Amino acid sequence: MSEAGPSDLPLILRLLVTRGAMEEEQLRDVPKARATHPDCLEEALVLAGLATDTDIAEAYADYLSLPLLEPKDGLADSCRDAVARVPETICRTGRMVPVSAEDGVLHVACLNPTDLSAQEQAQLLSGCVTQPMVAPYSLLEQLMGELFGARDMVREIAGDQDPAEAAEADMDGPIEADEDVVDLDRAVPPGKDGQIIKIVNLLLGNAITDGVSDIHIEPYEKVVRVRYRLDGKLIEVTPPPRNLFIPVLSRLKVLSKMDIAERRIPQDGAISAKLGSRRVDLRVSTVPTVYGEKMVLRILAKEATPDCLTKLGFSEKQSKDFEEAANSPHGLVFVTGPTGSGKSTTLYTCLNLINRPTHNIVTVEDPVEYRFDGLNQSQVHSAVGMTFQRALRAFLRQDPDIIMLGEVRDQETADICLRAALTGHLVLSTLHTNDSLQAVNRLMDMGIEPFLLGPALRVVQAQRLARRLCEGCKEPFDLPAHLAEQYEIDTKHDLFRPKKDGCKKCRGSGYKGRVGIFEVIRITEDLGRAITVGKPLNELYEVAAEAGMQFLADSAREKVIEGVTSVDEVSDYLCREIEEEAA
């Protein structure tokens, strides 16, 4: 067979061009594909769409006169005895699967049969002579998935480490990072530093791709644990080896612009990362523990902030009430809920809706999570005296129309907010309370007089997050009559639940994404008067109910009836209302 193209081209490119499976013009795109997947040219060609895996396999098989592995039922099961002779790491890194072993010969299916290094390692470890055959990329990946489980890239990368290096105790030197925005797709250099960068890029890249909200990296005496928070639940993923923990942490601290030599006190930082066309920011914090520093990275995807409140889960009425309050010329708007319930996302969505050139909008945050054009955002730095109170006083001298405060934590901050709201400014902030109207009691506990609070408040809102049912596998079911009565759900509606074992789209959980459960209490004249005269909390709720306000239980019930979430996900909110009413 004749070979076409320049002689310095890799063999597979010459073969593909000669066979007409690839145009010569496409060769210009090969360097870009290889930059994304530098370890394997064949894999890069397939994933970039420059060639099909069948064309690559057939080209190698014809040129080298090797058999071509064909898919068949039970193929993975027939390979298990042979696979047991070779470690998974060698199979993964060498893109190779042992198929059979007989008479001292180990038959191995390869993506690139001219790569002899993995075959030699397999021969050495198995004690058999290796005989290669060719397998298409998709078939090889399918076999590896059935034989080894999901591809474990962290273990593959860590497996490249030289045993002598692993034994070294002094692996805590800095891994330099000179970029402001970390390109997770960029090719990395070989060697120990490259290995650490690969692991870090993989941990961050996988988390961003999967829609993870937080990454937890936790050291213990002999192991490291890495967990992703996906749809509100923590799941474990493959961690780096314990001896690589310090260099991995050092790499992340350098990227976060932290002091890598300081391990005795907590630190905060931030990373800007790029994955393909996506740009995300990560908020990073470390806390010393007995076995080293625990690091948590919160992923802040700017595109997660929608352009309307209903996309967060607000009903049409709730959205209207909240937007009317946000468009008031002055007053207080409070968003309440526990940590991680999406309060910041709600406030940023609201600010985007009212962000106009005619408005001077300022924010005081700790820290600034999302950055938006048109907002004057300031970050608190208590160490240098830049506190919430000081920043608020300074901004009030700059003629603001709208002020967003990250959180009201003390009496002094609450007093400034109240005075600003009563003197022609709209103030939006958050409080940590269990439900919306408890914000009234919380502010009174801080020393705010009820006769001032009633006229200032415009809306108090509470929220929680519930997991969305996976649209690809949710299934209908009949809710037992006693539960339907207890939760006040009409059984004429079609209700859904997560399918057992889920599907690939939801990773077997039955849920994909999250939706907000909201309670929006607009401060009507009657409710404002009740607050002004210091009515107790239960009477405030009675006034709100008479005005037709939706509570958390109403919102949760609505999401169940709409098929957005399941009864199990929101049963706590439904039961809580019943318990409070009974009390």
Side-chain angles (χ1 to χ4, degrees), residues 1-64 92-96 110-118 134-141 144 151 153-154 156-157 159-160 175-206 208-209 251 255 271-280:
M1 176 179 178
S2 62
E3 298 174 14
S7 58
D8 59 344
L9 281 177
L11 174 61
I12 188 58
L13 296 181
R14 286 181 276 153
L15 294 178
L16 290 171
V17 171
T18 300
R19 295 166 65 90
M22 189 173 174
E23 301 293 334
E24 289 192 28
E25 291 77 13
Q26 291 179 287
L27 296 175
R28 294 195 297 266
D29 299 324
V30 172
K32 183 178 179 181
R34 294 200 71 172
T36 305
H37 301 278
D39 297 331
C40 181
L41 173 59
E42 291 77 15
E43 181 180 28
L45 294 175
V46 173
L47 296 180
L50 298 176
T52 68
D53 61 347
T54 302
D55 285 338
I56 292 172
E58 289 177 350
Y60 273 136
D62 290 347
Y63 183 74
L64 300 172
R92 294 278 197 188
T93 56
R95 273 73 172 182
M96 168 190 77
C110 307
L111 185 58
N112 176 8
T114 66
D115 182 2
L116 301 179
S117 60
V134 188
Y137 174 80
S138 58
L139 179 57
L140 208 58
E141 286 292 299
M144 287 186 182
R151 189 169 185 182
M153 290 296 295
V154 170
E156 287 180 42
I157 295 168
D160 294 339
I175 309 296
E176 295 300 331
D178 57 1
E179 62 267 36
D180 289 329
V181 179
V182 185
D183 189 347
L184 301 178
D185 291 324
R186 183 183 300 173
V188 299
K192 185 176 74 175
D193 283 2
Q195 181 190 41
I196 302 304
I197 295 172
K198 278 184 183 180
I199 291 176
V200 169
N201 288 0
L202 186 71
L203 289 174
L204 299 182
N206 285 349
I208 293 168
T209 301
R251 166 69 178 171
L255 294 176
I271 300 174
S272 292
K274 178 176 175 288
L275 183 65
S277 60
R278 292 185 64 189
R279 163 76 183 271
V280 299

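If you're wondering where the values come from, they're calculated on a predicted model, not measured in any experiment.
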Inset, instruction - For residues L275 and L204, determine if any side-chain heavy atom of one lies less than 4.5 Å from a side-chain heavy atom of the other. - result: no
Inset, instruction - Output the distance between atom CD1 (I12) and atom CE (M22), rounded to the nearest 0.5 Å. - result: 9.5 Å
Legend entry - D53: partners by side chain to side chain donor-acceptor pair (under 3.5 Å), with sequence neighbours left out: S138
Inset, instruction - Could I get the full list of side chain to side chain contact (heavy atoms under 4.5 Å, CB included) partners for T114, not counting sequence neighbours? - result: L11, Y60, L64, N112
Inset, instruction - Enter the distance from E141:CD to R92:CZ here, rounded to the nearest 0.5 Å. - result: 7.0 Å
Legend entry - Over all atoms of both residues, closest heavy-atom pair of D115 and S117: OD1-OG, 3.0 Å
Legend entry - Main-chain N/O of I208 paired to R278 side chain as donor or acceptor, under 3.5 Å: yes
Legend entry - Backbone N/O of V200 and side chain of K198: donor-acceptor pair under 3.5 Å: no
Inset, instruction - Answer yes or no: is there a side-chain heavy-atom contact under 4.5 Å between D62 and L15? - result: no
Inset, instruction - Could you pull out the closest heavy-atom pair between A273 and V181, with the gap in Å? - result: C-CG1, 4.1 Å
Inset, instruction - Rounded to the nearest 0.5 Å, what's the gap from OH on Y137 to CG on L47? Could you check? - result: 4.5 Å
Inset, instruction - For P10 and L41, work out which heavy atoms get closest and say how close. - result: CB-CD2, 3.7 Å
Legend entry - Rounded distance (nearest 0.5 Å) linking atom CG of L50 with atom CG of D55: 12.0 Å
Legend entry - For the student: nearest non-hydrogen atoms of A48 and A33, plus distance: CB-CB, 3.6 Å
Legend entry - Spatial distance of atom CZ (R279) from atom CG (D183) [nearest 0.5 Å]: 11.5 Å
Inset, instruction - State the CZ-CG distance between R14 and L27, to the nearest 0.5 angstrom. - result: 11.5 Å
Legend entry - Salt-bridge criterion met for R95 and E43 (N-O under 4.0 Å): yes
Legend entry - Heavy-atom closest pair, residues L140 and A135: CD1-CB, 3.9 Å
